[in-house]
Amino acid sequence: MKIAKVIVDLPLMQTDKPFSYAISKEFQSLIELGMRVHVPFGTGNRLVQGIIVGIEEEKDAENSSVNLKDIAELLDVEPVLTEEQLWLADEMRHSVFSYKISCLKAMLPNLLNSNYDKLLKSADGAVSKWSQLTEEEKISSAKAVRAGQLSVEYLAKSKENRRTEKYLSIPDLEKLAEFEIEKRAKKRLELKYFLLRMTEEKIALKSLNFSSQIIKFFIEHDLVKIEEVEISRTKDKFEAIENDSAKVLNSEQESAYEKIIASSDKPFLLEGITGSGKTEVYLQTIDHFLQMGKTAIMLVPEISLTPQITNRFIARFGDKVAIMHSGLSDGEKYDEWRKIKSGKAQVVVGARSAIFTPVENLGIIIIDEEHETSYKQDSSPRYHARDIALLRAKWHGATLVLGSATPSLESRARAMRGVYELLLLTKRANEAAILPEIKIIDMRSEISDQSANFSQSLLAKIKEKIDKDEQVILMLNRRGYSSFVMCRECGFVVDCPNCDISLTLHMDTRTLNCHYCGHVQGIPQTCPNCQSRKIRYYGSGTQKVEEELREIMPEARVLRMDVDTTRTKNAHEKILEKFGNHEADILLGTQMIAKGLDFPNVTLVGVINADTGLNLPDFRASERSFELLMQVAGRAGRADKKGEVLIQTFNPHHYAIEMTKAQDYEKFYEMEMRFRRELSYPPYYFTVQVLVSHQDEEVAIQKSYEISQILKQNLTEKAKILGPTARPIARTHNLYHYQILVKYRFEEELESALNQVLELTQLRDNKNLRILIDSEPQNFV
DNA sequence: AGCACGCCGACT
DNA sequence: GTCGGCGTGCTC
């Protein structure tokens with residue numbers, strides 16, 4: 001007898017271990033590692049989904065299978081998780097402090113997760129579904145179950161679905177030709193002659209213009225055969241794109257390409273200025289590995305997963321490409337996943353989670369814009385795509401390339417220490433394109449009387465460009481910034497009732513929203529504090545800036561791109577297409593316009609507020625600002641027209657701003673490293689954050705100190721433990737948050753100490769205590 | 001999570 | 001006397 005080890009789909013500490021189940025005879029030969037199953041769990045034997053992570057030969061009588069329950073159902077005919085993915089889940093757990101099932105589920109498309117339901121059956125045979133009952137009905141049914149009047153049957157159903165299309169074919173042409181149809185049956189005759197003239201082997205049913213009645217007649221007489229063919233929900237996109245072939249590389253690109261394909265000993269850091277043609281290097285190296293019969297994963301930040309980028313991959317590799325991004329529906333994601341799983345796609349282009357896709361025979365992984373924080377998932381499991389990439393590269397002996405114009409300090413420091421091999425691209429690929437000229441506008445001395453957001457010089461420059469029929473990109477930095485409502489009389493700001501944060505104004509819905517807990521309320525007419533009517537809107541959301549722009553420059557055509565205008569599907573795409581067709585002069589947007597866009601007619605980039613992210617309580621604030629500014633600056637002058645960049649700031653002498661003006665990554669790197677070293681921050685130290693939350697502030701504080709004590713006892717004296725301190729936003733969702741930051745270099749006992757901290761939540765009196773552990777946290781605000 | 005077991009208050 | 005409140009503990 002064999003025993004299966006199953007991880008059940010219950011994300012809890014108590015169930016975070018494999019459970020043993022007997023494998024009944026019928027499943028013996030079918031069951032494999034990485035398959036999904038339904039197993040009876042708990043006293044009620046309700047069905048729960050689980051994943052097979054081990055199959056063992058039964059050893060001793062003690063643990064005999066008579067004590068074990070049987071696996072109820074096999075959900076797959078072949079494993080949905082590969083052996084490599086099971087291994088990845090194990091490895092991940094050393095750093096993500098999350099449940100095993102959460103790690104495993106991160107690797108599966110949503111559609112493969114079960115729906116749970118119960119069937120209630122009464123003695124007279126009436127059946128009802130639990131999920132369809134009202135609250136009262138649920139209560140009365142529960143009582144009836146207790147009284148034995150109703151029996152319960154557990155249902156667990158995989159949501160998996162495929163889209164199919166019906167195709168019609170003719171099994172026997174002669175039979176059809178000889179089959180007599182009465183003359184008055186006009187439609188039937190029509191279909192008969194249509195089918196006889198048909199040249200294709202089969203035809204999609206929906207493309208025929210005959211009623212189902214007519215078709216049915218033909219089916220009943222065995223004149224035609226219907227088969228269901230599975231279709232891909234994402235197919236249409238691929239057909240519309242024209243092919244494209246490799247471009248000639250310049251000497252720098254060529255040398256980078258040669259080095260990348262030659263060795264996979266250590267990861268490469270490809271540092272190339274904007275416009276230096278990193279993407280072309282990616283495309284050609286991927287092509288090289290495809291030629292060798294291998295596969296590739298290309299990661300890009302979600303925000304820059306624009307059609308512009310994905311189309312380049314489709315144009316080069318056609319239907320060998322699978323695209324994975326959050327804009328896809330669950331069904332579409334599932335289709336792409338199966339395209340990868342079946343080996344039909346050999347190149348995966350996608351955001352963070354695409355690092356888990358089950359490609360076999362991996363040759364190369366490329367992470368573009370590797371400094372992007374979106375590669376770290378900020379909910380459980382809190383993995384960093386770069387770490388997963390390193391693991392997968394190791395498993396496959398694959399090459400890993402990290403690319404960026406402004407590498408993260410961590411990566412650049414590793415390259416300096418020889419852990420990564422540094423490859424530099426210093427020239428623009430299009431030699432006619434020269435680097436844009438960057439000017440800083442000191443807003444302290446240039447406040448315009450005409451506008452709250454624009455300096456005279458920026459306005460004049462915009463006008464000049466529009467007059468020349470060139471285009472402009474304007475960026476409003478939203479990081480650490482939002483529009484809010486304040487009373488001019490008493491200074492009262494409307495706060496969220498659940499969180500320690502002011503509500504953000506949304507003009508489109510005319511509401512005040514909390515960005516943390518989702519609380520929504522109307523905009524007050526009078527001040528809730530002093531009843532004054534002098535309630536004013538502060539800050540400049542993109543909407544506000546757009547209005548202002550329209551007032552000052554009514555002739556300019558403005559397109560706005562922010563969360564509000566890109567909410568609907570493909571909205572992103574449509575806006576960019578419009579701008580690309582020069583249907584607008586100005587593209588006004590938030591951070592999302594900083595990345596990846598390539599519009600040759602854009603000759604001016606304006607940054608409206610460079611400094612909002614600069615003074616955040618986050619040691620990476622400068623790095624982020626520098627990266628963002630450098631990136632958005634790169635949008636100007638992509639072709640042979642010279643680009644200009646104007647940056648408005650109240651901190652013109654901040655080094656992040658000055659180094660942007662000089663376009664000097666090296667210098668910025670040096671200065672930032674000095675600061676990191678002085679304060680013992682990454683990349684000199686590793687960091688782990690422990691977040692403690694409780695609805696009672698006193699308890700939150702007390703438990704934080706307890707945790708800090710545990711850490712101190714278990715770690716060496718070299719580890720630096722900061723805090724506990726209240727989070728910058730100390731209360732959200734009616735919970736108080738305290739944080740502890742551990743900075744360390746080598747700590748043998750760290751993992752076990754942190755697990756010990758997590759164990760605290762299992763104690764009876766800590767029921768309402770929430771502890772989150774985040775290794776290498778990316779956001780402190 | 002969901003279900004049972006178990007130990008204390010207001011009801012036929 | 002019991003029905004039922006939800007605190008506690010376990011699930012192969």
Give a yes or no on whether a salt bridge exists between [X] and [Y], defined as a side-chain N under 4.0 angstrom from a carboxylate O.
| X | Y | answer |
| --- | --- | --- |
| A:Asp495 | A:Arg731 | no |
| A:Glu410 | A:Arg620 | yes |
| A:Lys100 | A:Asp16 | no |

Rounded to the nearest angstrom, tell me the gap between atom [atom1] in [X] and atom [atom2] in [N].
| X | N | atom1 | atom2 | value |
| --- | --- | --- | --- | --- |
| A:Lys5 | C:dC12 | NZ | P | 13 Å |
| A:Leu47 | B:dC3 | CG | P | 12 Å |
| A:Ile101 | C:dT11 | CD1 | P | 19 Å |
| A:Glu56 | C:dC12 | CD | C1' | 12 Å |
| A:Lys105 | B:dA1 | NZ | P | 13 Å |
| A:Phe19 | C:dC10 | CZ | P | 12 Å |
| A:Asp9 | C:dC12 | CG | P | 16 Å |
| A:Gln762 | C:dT8 | CD | P | 14 Å |

Sugar-phosphate only, base, or nothing, as touched by A:Phe41 at under 4.0 Å among non-hydrogen atoms: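 Counting heavy atoms under 4.0 Å across all strands, the contact made by A:Phe41 includes a base.
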Touch class at under 4.0 angstrom, heavy-atom based, for A:Lys767 against every strand present: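 It contacts nothing in the nucleic acid.
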All side-chain hydrogen bond (donor to acceptor under 3.5 Å, both in side chains) counterparts of A:Lys743, not counting sequence neighbours: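 Applying side-chain hydrogen bond (donor to acceptor under 3.5 Å, both in side chains) to A:Lys743 gives none.
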Earlier contact from the 5' end, DNA chain B, for A:Thr43 and A:Gln14: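 Nearest-nucleotide comparison on DNA chain B picks A:Gln14.
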